[in-house]
Amino acid sequence: MTRKNTYRLHDALGYQLSLTARFQERGFEDEIRKIGLTRLTWCILLAVTGENLSRPSEIAEFVGIDRTATSRALRQMEADGLIARRVGEGDKRTTQVIATTEGHSRVAEGSSHAHKNAKHFEAKLTDAESQELRRILSKLRQNEDSTLKSL
């Protein structure tokens, strides 16, 4: 017997969004884990290599995480040889992040996995549906705090 006021899990937008996100992430994360990356390190490498962002604050904003999480990830990525940090040009108080040769190599390898995963899910939608879904998801994120503690 179902009660009228009972929360219906499978009808909940949040549950549907979470479930779909987990399916979409699962295959990709399994593949990038094999090349020594996490979703966060992947996103940071994309910020540095693809968007030419070099300041930790820019990287944090691009990825959508707070500065503390970014700093922690950058320390680990530096230890893993994926990025290098140097004193900023002009302003010695700033830090610049650059991808190492190994970081560039991992982005190239991870990109094939990202394209394959995206293609798998995009094939389930028409172009119009894909554009509409992006529009709706963007609308759901409006007026929300744009930084997360983790990704």
Side-chain angles (χ1 to χ4, degrees), residues 9-10 12-127 129-142 144-151:
L9 180 64
H10 291 185
L13 180 60
Y15 177 77
Q16 293 295 325
L17 287 168
S18 294
L19 196 60
T20 303
R22 296 303 158 268
F23 280 123
Q24 194 275 334
E25 294 165 350
R26 182 177 56 194
F28 177 62
E29 288 179 347
D30 288 348
E31 291 301 318
I32 63 171
R33 191 176 303 113
K34 293 175 187 174
I35 60 171
L37 298 176
T38 65
R39 189 168 15 132
L40 178 56
T41 57
W42 165 253
C43 291
I44 290 173
L45 283 173
L46 288 179
V48 174
T49 63
E51 303 297 323
N52 296 317
L53 301 176
S54 63
R55 292 193 332 255
S57 59
E58 296 172 324
I59 295 166
E61 184 177 340
F62 174 78
V63 175
I65 58 173
D66 67 26
R67 296 272 316 265
T68 302
T70 303
S71 294
R72 192 172 31 252
L74 289 173
R75 273 193 305 278
Q76 185 60 52
M77 292 172 74
E78 189 172 31
D80 292 343
L82 300 174
I83 57 115
R85 292 189 281 185
R86 61 181 180 214
V87 175
E89 296 173 14
D91 186 348
K92 302 296 183 197
R93 296 171 295 169
T94 62
T95 300
Q96 287 189 316
V97 177
I98 57 168
T100 62
T101 302
E102 183 61 27
H104 281 283
S105 174
R106 303 260 183 108
V107 167
E109 193 172 349
S111 290
S112 66
H113 301 304
H115 287 298
K116 180 181 174 186
N117 193 58
K119 188 176 179 179
H120 170 78
F121 285 95
E122 296 259 352
K124 297 178 181 193
L125 303 173
T126 66
D127 287 343
E129 288 171 331
S130 183
Q131 289 175 6
E132 179 67 1
L133 179 58
R134 283 184 178 84
R135 185 192 69 74
I136 291 168
L137 292 172
S138 178
K139 185 175 184 176
L140 287 173
R141 290 189 307 271
Q142 285 178 354
E144 298 297 328
D145 182 3
S146 62
T147 59
L148 301 170
K149 297 232 180 266
S150 65
L151 186 61

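We count residues from 1, following the sequence as given.
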Query raised in the report: Should E122 and K119 count as an ion pair when the cut-off is N to O under 4.0 Å?
Result: no
Query raised in the report: Heavy-atom distance under 4.5 Å between the side chains of L17 and L137, does that happen here?
Result: yes
Report summary line: Output for pair (I65 CD1, T70 OG1), nearest 0.5 Å, gives 3.5 Å
Report summary line: Heavy-atom closest pair (L125 atom, L133 atom, distance to 0.1 Å) is CD1-CD2, 4.0 Å
Query raised in the report: Taking atom NZ of K124 and atom CD of E129, what is their separation to the nearest 0.5 Å?
Result: 12.5 Å
**Report entry** Closest non-hydrogen atom pair, P56 against R67
**Finding:** C-NE, 4.2 Å
Query raised in the report: So, do L13 and L140 sit near enough that their side-chain heavy atoms are less than 4.5 Å apart?
Result: yes
**Report entry** Residues forming a side-chain hydrogen bond (donor to acceptor under 3.5 Å, both in side chains) with R55, sequence neighbours excluded
**Finding:** E58
Requested in this report: Scan for ring pair (Phe, Tyr, Trp, His ring centres under 6.0 Å) pairs involving residues 45-81, sequence neighbours excluded, and state none if there are none.
Outcome: none
Report task. Evaluate the criterion side chain to side chain contact (heavy atoms under 4.5 Å, CB included) for residue pair R33 and D30; output intermediate values, then yes/no. Result -> CA-CA 5 Å; R33 191 176 303 113; D30 288 348; 3.1 Å; yes
Report summary line: Nearest heavy-atom approach of G81 to E102 is O-CB, 3.6 Å
Report task. First locate atom NE2 of H120, then atom CZ of F23, and finally report the distance between them rounded to the nearest 0.5 Å. Result -> 10.0 Å
Query - Donor-acceptor pair, side chain of T20 and main chain of Q16, under 3.5 angstrom - result: yes
Query raised in the report: Tell me, do V97 and I44 make a side-chain contact under 4.5 Å, heavy atoms counted?
Result: no
Query raised in the report: Of all heavy-atom pairs between H10 and Y15, which one has the smallest distance, and what is that distance?
Result: CD2-CE2, 3.4 Å
Query raised in the report: Between I32 and T41, is a side chain to side chain contact (heavy atoms under 4.5 Å, CB included) present by the stated rule, with each step listed?
Result: CA-CA 10 Å; I32 63 171; T41 57; over 6 Å; no
Query raised in the report: What's the spacing between E78 CD and T100 OG1 if we round to 0.5 Å?
Result: 10.0 Å
**Report entry** CD1-NE2 distance between I35 and H113, expressed to the nearest 0.5 angstrom
**Finding:** 5.0 Å
**Report entry** Lys/Arg-Asp/Glu bridge criterion (N-O < 4.0 Å) met for E132, R135
**Finding:** yes
Query raised in the report: Under the side chain to side chain contact (heavy atoms under 4.5 Å, CB included) criterion, do I83 and L45 qualify, and how do the steps go?
Result: CA-CA 8 Å; I83 57 115; L45 283 173; 4.1 Å; yes
Query raised in the report: So, does S71 use its side chain to make a donor-acceptor pair with the main chain of T68 at under 3.5 Å?
Result: no
Requested in this report: Determine whether the side chains of R134 and S130 contain a donor N or O and an acceptor N or O closer than 3.5 Å.
Outcome: yes
Query - Carboxylate-amine/guanidinium proximity below 4.0 Å for E31 and K34 - result: yes
Query raised in the report: If you round to the nearest 0.5 Å, how far is CZ of R86 from CD of Q96?
Result: 5.0 Å
Requested in this report: Write down the atom of T49, the atom of A99, and the distance for their closest heavy-atom approach.
Outcome: CG2-CB, 3.6 Å
Query raised in the report: Can you list the steps and then say if L82 with L37 is a side chain to side chain contact (heavy atoms under 4.5 Å, CB included)?
Result: CA-CA 10 Å; L82 300 174; L37 298 176; 3.8 Å; yes
